[in-house]
Each structure stands twice: as C-alpha cells, then as structure tokens.
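Here is the structure we will look at.
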Amino acid sequence: MQGIDSAAIVSQHPETDWVWVDGEHGAIWVEEIRRKLATFPDDTAGLVRIPGGDAKEVEQVLDAGGDGVIIPKKRDPEEVERFVKSAYFPPEGNRGQGGPIPEGVDNDEVFVVVQVETPEIIEQIEEVAAIDGIDSLLVGPNDLSNFMGVSPDSSEFQQAVDRVLSVSQENDIVPGYWVGSNDESEFVEEGWRLLSLGSASALLETAIGDRIP
C-alpha cells in the first residue's frame, strides 16, 4: 500500500462524517495537511488537531482548508478562549485575513473542538463551556486518565467524564469522545455525539482482519 493515504481511503466511506487529521502526534504540518484535506469528499469534514503551542496554528490549518480545528491539552479557560477566538474572523474572533475570503467561507462554517484532557479543565469545565464559539467538548480518555493519575475504569475518571457530558448538554455543545476500539453504540446510548473511532490505519487493519482469517 505504498503511496496510499489511509485517511483519504477512510474519508471516502459513505458512512464517514468526518476525519481527524492529526497535526499534534502525526508529525505533519500545513502543506501535507493541505494535500490530505484536498482528497476528502465535499460531504466529509476534515477536522485538524493542531500541535497546540501557538494560537496562530488555528489560522494556519483553517487557511489550509480545514473545516474545523481540534484544540488539545489546554489547562485554563483563558487559554482556551485565546485559541478559540483564533478560529473566527472579527467581530467574533481575531482570525487574520491573508487575502479575499473564499466564497462560502465564514464563521458559521467553522467547527471548533476543544479536547478535554487535563484535570484543570475538568475542574473549570463550566467556565470553558460558557466560552462563545466552542462547538464540541471532546474527551481524550488516555491523556485525561494519565494526567489525573487514575485508571479509565475508576469511579473518579467516570465522574469527570459524566461531568463533561452533562455540561455539554446543558450548554448546547456537542459532547465528543475518542472511542478507539471500544463499542461505539454504548457511547451513542449515553449521549455522546461526536465520536472518533480511532486512527485510519487501525480502522483499515481491523477491516483487513475481518476479511483475512
């Protein structure tokens, strides 16, 4: 499969609503992200997770064609708001305009996801949810449990996750979860609406395993 982009393959599936393009752990950046996004069908959203060190990254991935941005590992509402505002043109935000805004591109077309991965954000989740411009709060269970110092099976972790779900629903924010290899139907029943089913390579590996004994 040399030269085949697994994310592009997954994006073509008729049941794929969105694809997570990882600029944090994926060791790729703007030009490669631009090429990757260009392969996605019009009805499949490309949401790009930024490295997260500079709010300018938000503008860069949106200018590269991202339909939205995923903001990781923030620890306080002020930091979250600074990154969120970078996704929107004035007056809602402070996203810069490098040239004429393409037809059909405006603030209503951007989808902003804030990952919930630190105990500090859990402690202030109500304040985070009150920030204008956040479309989804998405739990990253691996990092969140690691930073909390607890097992994902612990009651403390489950209480934190339940709090994110409840606050999201109360504030008309889409609750999201990195499901990975777990059964997504359980998360749907609980009320989670933005689900990541794992990496494209893992999905393809599972599909191949289902076909080859």
The ring pair (Phe, Tyr, Trp, His ring centres under 6.0 Å) partners of Trp20 (sequence neighbours excluded) come to Trp178
Side-chain donor/acceptor pairs under 3.5 Å, residues 78-85, sequence neighbours excluded:
from  : atom 1 : to    : atom 2 : distance (Å)
Glu79 : OE1    : Arg75 : N      : 3.3

[X] side chain near [Y] side chain, heavy-atom distance below 4.5 Å:
| X | Y | result |
| --- | --- | --- |
| Val113 | Trp18 | no |
| Lys56 | Ser86 | no |
| Val48 | Leu37 | yes |
| Ile122 | Leu144 | yes |
| Ile33 | Lys36 | no |

Residue pairs involving residues 185-195 (criterion salt bridge (charged side-chain N to carboxylate O under 4.0 Å, His left out); sequence neighbours excluded):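 Listed by first then second residue: nothing to list.
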Residues 147-173 vs salt bridge (charged side-chain N to carboxylate O under 4.0 Å, His left out), sequence neighbours excluded, gives Glu126-Arg163
Could you report the tightest heavy-atom contact between [X] and [Y], atom names first, then the distance?
| X | Y | answer |
| --- | --- | --- |
| Asp76 | Ile121 | N-CD1, 3.7 Å |
| Gly176 | Ser136 | N-OG, 4.0 Å |
| Asn171 | Ala129 | ND2-CB, 3.7 Å |
| Val112 | Gly133 | CB-O, 3.4 Å |
| Arg95 | Ala87 | CD-O, 3.8 Å |
| Pro152 | Phe157 | O-CD2, 3.2 Å |

Problem - Shared hydrophobic cluster for Leu197 and Tyr177 (ILVMFWY, side-chain gaps under 4.5 Å) - result: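 In one cluster with Leu197: Tyr177, yes.
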Margin query: Would a single hydrophobic cluster contain both Ile125 and Phe147, if residues Ile, Leu, Val, Met, Phe, Trp and Tyr are joined by side-chain heavy-atom contacts under 4.5 Å?
Written below: no
Q) Within a reach of under 6.0 Å around CG of Asp132, are more than 12 heavy atoms found that belong to other residues, nucleotides or ligands? A)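 Check fails, neighbour count at 12 or below.
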So, does [X] use its side chain to make a donor-acceptor pair with the main chain of [Y] at under 3.5 Å?
| X | Y | answer |
| --- | --- | --- |
| Glu59 | Gly96 | yes |
| Thr44 | Ser11 | yes |
| Asp183 | Ser185 | yes |

Within this structure, what is the [atom1]-[atom2] distance for the pair [X] and [Y], rounded to the nearest 0.5 Å?
| X | Y | atom1 | atom2 | result |
| --- | --- | --- | --- | --- |
| Arg49 | Glu57 | CZ | CD | 12.5 Å |
| Thr118 | Glu123 | OG1 | CD | 8.5 Å |
| Met148 | Asn146 | CE | CG | 11.0 Å |
| Ser145 | Gln158 | OG | CD | 12.0 Å |
| Glu92 | Asp108 | CD | CG | 8.0 Å |
| Ile173 | Leu138 | CD1 | CG | 12.5 Å |

- Task: Take Val174 and Asp135 through the side-chain contact (heavy atoms from CB on, under 4.5 Å) test and state the conclusion after the steps.
- Result: CA-CA 6 Å; Val174 178; Asp135 296 296; 5.6 Å; no
List, one per line, each side-chain donor-acceptor pair under 3.5 Å for residues 64-74, sequence neighbours excluded.
from  : atom 1 : to     : atom 2 : distance (Å)
Asp67 : OD2    : Gly46  : N      : 2.8
Lys73 : NZ     : Glu24  : OE2    : 2.7
Lys73 : NZ     : Asp143 : OD2    : 3.1
Lys74 : NZ     : Gly52  : O      : 2.5

- Hey, mind stepping through Val30 and Arg34 against side-chain contact (heavy atoms from CB on, under 4.5 Å) and telling me if it holds? CA-CA 6 Å; Val30 177; Arg34 189 191 307 275; 3.9 Å; yes
TODO: Can you run down the ring-ring contact (aromatic ring centres under 6.0 Å, His included) pairs that involve residues 23-60, sequence neighbours left out, and say none if there aren't any?
DONE: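 Output for this query is empty, none listed.
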Requested in this report: Please assess Leu165 against Trp192 for the test side-chain contact (heavy atoms from CB on, under 4.5 Å), listing each intermediate value before the final yes or no.
Outcome: CA-CA 7 Å; Leu165 177 61; Trp192 301 96; 3.7 Å; yes
